[in-house]
Asks: 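Have a look at this one before I ask anything.
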Amino acid sequence: MKGLVCLLLLLETFVCVVQHQVDGGLNENEISQQLRAESEHQRTDRHRYRAENEHQRITEQKVNIRELTATVTEQKTINRELTANIRALETRLREEMNKKNDEMSNLTLSQVEELRKENRDREIAFSASLMQSSSGHIGPFTSDFTLNYRNVFTNIGNAYNPVTGVFTAPLKGAYMFRVSVFSHGPTPSAASIYKNGERLVMAYAHQPQRELNSSNGVVLILEVGDVVYVRLWANTRIYDNQYNHSTFSGFLLFPLREQELCRM
Ligand SMILES: *[C@@H]1O[C@H](CO)[C@@H](O)[C@H](O)[C@H]1NC(C)=O
Ligand SMILES: *[C@@H]1O[C@H](CO)[C@@H](O)[C@H](O)[C@H]1NC(C)=O
Ligand SMILES: *[C@@H]1O[C@H](CO)[C@@H](O)[C@H](O)[C@H]1NC(C)=O
């Protein structure tokens, strides 16, 4: 009897357990269905997630494009302004250049005028022979004698005075002078170029008979007002005729300024 009760209890427990399993658990079909649904759900979630991402990306791109468009528009405005500025600058530059050209040509013109004037000042050259129409000897004298070269070939700048035979420097500079003597023996012929009373170079010829001739030349630095002339030596003579044998010449090589004179 006690054993039977135990068996009954055991059986009841078993039924309970089975019942419980049937009620609360899931069968195989339900499980696979549930699994499928879940994976479906997950896929949908992924899709949604992806779609959301895509949407966000597109939104961002749209924003980017809007910003780009704005930037391009802005850039266009800036470009227009720049172009306008460049045009204005070009116009102004052209105007300035034209003005400068005008000034330059004006300057050039005035400079040319200045140079012409300066060159006129620099045009200094003379050349003369002793006798105008007569012929014969001058000298000998007992003392030195200043020669007047009266037959003037050239006297540009009028620095040479044919009445006195004296050249007066009109401006500071380097000058070249030359003297040629001609005569007949046996009396010697000797003439020197002088600067401000100082004897510098001599043309000298001496032989017992026939023609005598000699010449000499010198480059001098002259200050304004310095004088240059030729003096016949005492006890010598010089000859000239229409052939212009005996001459005195001089010309400015180039002008000198104060500092250039100091350098010497
Ligand atoms: C150039 O000279 C002309 C005439 O002498 C004058 O009318 C003009 O204004 C000058 N130009 C300049 C830029 O100085
Ligand atoms: C110049 O003098 C030299 C001698 O000193 C002589 O030989 C020559 O013939 C002279 N010339 C003239 C043109 O007198
Ligand atoms: C001497 O000079 C004069 C100019 O003053 C010239 O006419 C003449 O022909 C010259 N004489 C000779 C022979 O060269």
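In listed order, ligands and their atoms are each counted from 1.
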Asks: Does an N or O from Asn213, backbone or side chain, lie closer than 3.5 Å to an N or O of ligand 2?
Replies: yes
Asks: Look at atom 14 (O) of ligand 2 and say whether a protein heavy atom is found at less than 4.0 angstrom from it.
Replies: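 Yes.
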Asks: For the ring pair Phe167 and Phe126, is the centre-to-centre distance below 6.0 Å?
Replies: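 Yes.
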Asks: Identify, by atom number and element, the atoms of ligand 3 in contact range of Phe153, meaning under 4.0 Å from any of its heavy atoms.
Replies: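 Ligand 3 atoms under the 4.0 Å threshold to Phe153: 2 (O), 4 (C), 5 (O).
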Asks: Within ligand 2, which atoms have a heavy atom of Glu211 less than 4.0 Å away?
Replies: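 Selected atoms, number and element: 14 (O).
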Asks: Considering all protein heavy atoms, does one lie under 4.0 Å from atom 2 (O) of ligand 2?
Replies: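 True for atom 2 (O) of ligand 2.
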Asks: For atom 10 (C) of ligand 3, which candidate among Thr247, Val152, Thr154, Asn244 provides the closest heavy atom?
Replies: Asn244
Asks: Any donor-acceptor pair under 3.5 Å linking the side chain of Arg46 with the backbone of His41?
Replies: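 Not a single qualifying donor-acceptor pair exists.
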Asks: Are Glu103 and Lys100 ion-paired here, with the side-chain N under 4.0 Å from a carboxylate O?
Replies: yes
Asks: Within a distance under 4.0 Å of any heavy atom of Tyr243, pick out the atoms of ligand 3 and give their elements.
Replies: 13 (C)
Asks: In terms of heavy-atom contacts, does OH of Tyr243 have more than 12 from other residues, nucleotides or ligands at under 6.0 Å?
Replies: no
Asks: With a 4.5 Å cut-off on side-chain heavy atoms, are Leu147 and Ile238 touching?
Replies: yes
Asks: Salt bridge or not between Lys172 and Asp226? Use side-chain N to carboxylate O under 4.0 Å.
Replies: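 No, no charged N to carboxylate O under 4.0 Å.
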Asks: Are any non-hydrogen protein atoms located under 4.0 Å from atom 5 (O) of ligand 3?
Replies: yes
Asks: So if I count the atoms of ligand 2 from 1 in the order they appear, which ones are less than 4.0 Å from some heavy atom of Phe182?
Replies: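 With Phe182 as reference, the close atoms of ligand 2 come out as 14 (O).
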Asks: Tell me whether Glu123 at atom CD has more than 12 heavy atoms from other residues, nucleotides or ligands lying less than 6.0 Å away.
Replies: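 Yes.
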